[in-house]
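Just below is one structure, and these are the notes that go with it.
Please read these numbers as outputs of a predicted model, since none were measured by experiment. What's counted below: heavy atoms across the whole structure, side chains too, no hydrogens, waters or symmetry copies.
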Amino acid sequence: MKKEMRILSSLLCLNDLLRNEGNHGVVEMKTTEDDYELRIVDFGIDIASIFDEPAVLKSNISSLNEYLEKWDILNNIYKAKETMENDPALKNNPNVNKKAFDRYFERLETALKTFLNK
């Protein structure tokens with residue numbers, strides 16, 4: 001799970017995921033005894049990083065492409081964006097920086113499409 005957390009932390013600009021064990025957990029899947037799922041429950045986004053290409057996409061992690069495909073990462077990014085855009089608590093919150101939010105997702109989409117050749 002550490003490799004998966006490093007990938008997600010870099011890709012999603014999660015600045016305290018690896019340092020704070022309270023921000024993640026492992027859940028046993030019901031499909032098989034040996035299948036586990038990483039759940040991220042709380043996180044902070046490093047806003048300064050949303051203007052840079054994710055460093056993990058330039059790394060030499062051999063299974064990176066497999067992880068991104070397995071997670072169906074691009075489609076799940078779109079689902080997360082839609083869910084957040086339609087959440088009344090976020091939609092009506094004057095403290096939400098819409099410009100930064102859009103830039104964050106644009107960065108993810110562009111980087112992932114380039115990396116995955118889509």
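In this structure, Ile7 CD1 and Leu68 CG are separated by 6.5 Å, a value rounded to the nearest 0.5 Å. Considering OG1 of Thr83 and OH of Tyr78, their distance stands at 14.5 Å, rounded to 0.5 Å. In this structure, CG in Leu112 is found 5.5 Å from CG in Leu74, a value given to the nearest 0.5 Å. Remark: Phe101 CZ to Glu85 CD distance equals 5.0 Å, nearest 0.5 Å.
Nearest heavy-atom pair, Ser10 versus Ala55, reported as atom, atom and distance to 0.1 Å: OG-N, 3.5 Å. Scanning all heavy atoms of the two residues, the minimum distance from Asn86 to Lys91 falls at OD1-NZ, 4.3 Å. Scanning both residues, Leu57 and Phe115, for their nearest heavy atoms gives O-CE1, 3.6 Å.
Atom NZ of Lys99 sits in a sparse spot, with 12 or fewer heavy atoms from other residues, nucleotides or ligands closer than 6.0 Å.
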Under the criterion side-chain contact (heavy atoms from CB on, under 4.5 Å), I'd like the reasoning laid out for Val56 against Leu8: C-alpha separation, chi angles, the key distance, then a yes or no. CA-CA 9 Å; Val56 73; Leu8 289 171; over 6 Å; no
Pair Glu4, Lys70 - check side-chain contact (heavy atoms from CB on, under 4.5 Å), show working. CA-CA 11 Å; Glu4 293 173 349; Lys70 174 184 165 186; 4.2 Å; yes
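Legend: residues meeting side-chain contact (heavy atoms from CB on, under 4.5 Å) with Ser63, ordered by chain and number and at least two apart, are Lys3, Ile61, Glu66, Tyr67. For the side chain to side chain donor-acceptor pair (under 3.5 Å) test, residues two or more places apart in sequence or in another chain that qualify with Asn75 are Asp72. Partners of Asp87 according to the salt bridge (Lys or Arg N to Asp or Glu O under 4.0 Å) rule, which considers only residues two or more places apart in sequence or in another chain, do not exist here. Evaluation of the side-chain contact (heavy atoms from CB on, under 4.5 Å) rule for Asn93 yields Asn95, Val96 as partners, not counting sequence neighbours. Partners of Ala100 under the side-chain contact (heavy atoms from CB on, under 4.5 Å) rule, at least two apart in sequence or in another chain, are Ile50, Asn97. Evaluation of the side-chain contact (heavy atoms from CB on, under 4.5 Å) rule for Lys58 yields Glu53 as partners, not counting sequence neighbours.
Legend: salt bridge (Lys or Arg N to Asp or Glu O under 4.0 Å) pairs involving residues 103-112, not counting sequence neighbours, sorted by first then second residue: Arg103-Glu106, Glu109-Lys113.
The closest donor-acceptor contact from the side chain of Tyr104 to the backbone of Leu12 lies under 3.5 Å. Judged purely by atom type and a 3.5 angstrom limit, Asn65 has no side-chain atom pairing as donor or acceptor with the backbone of Leu116. Proximity of a side-chain donor or acceptor of Ser9 to a complementary backbone N or O of Arg6 within less than 3.5 Å is not detected.
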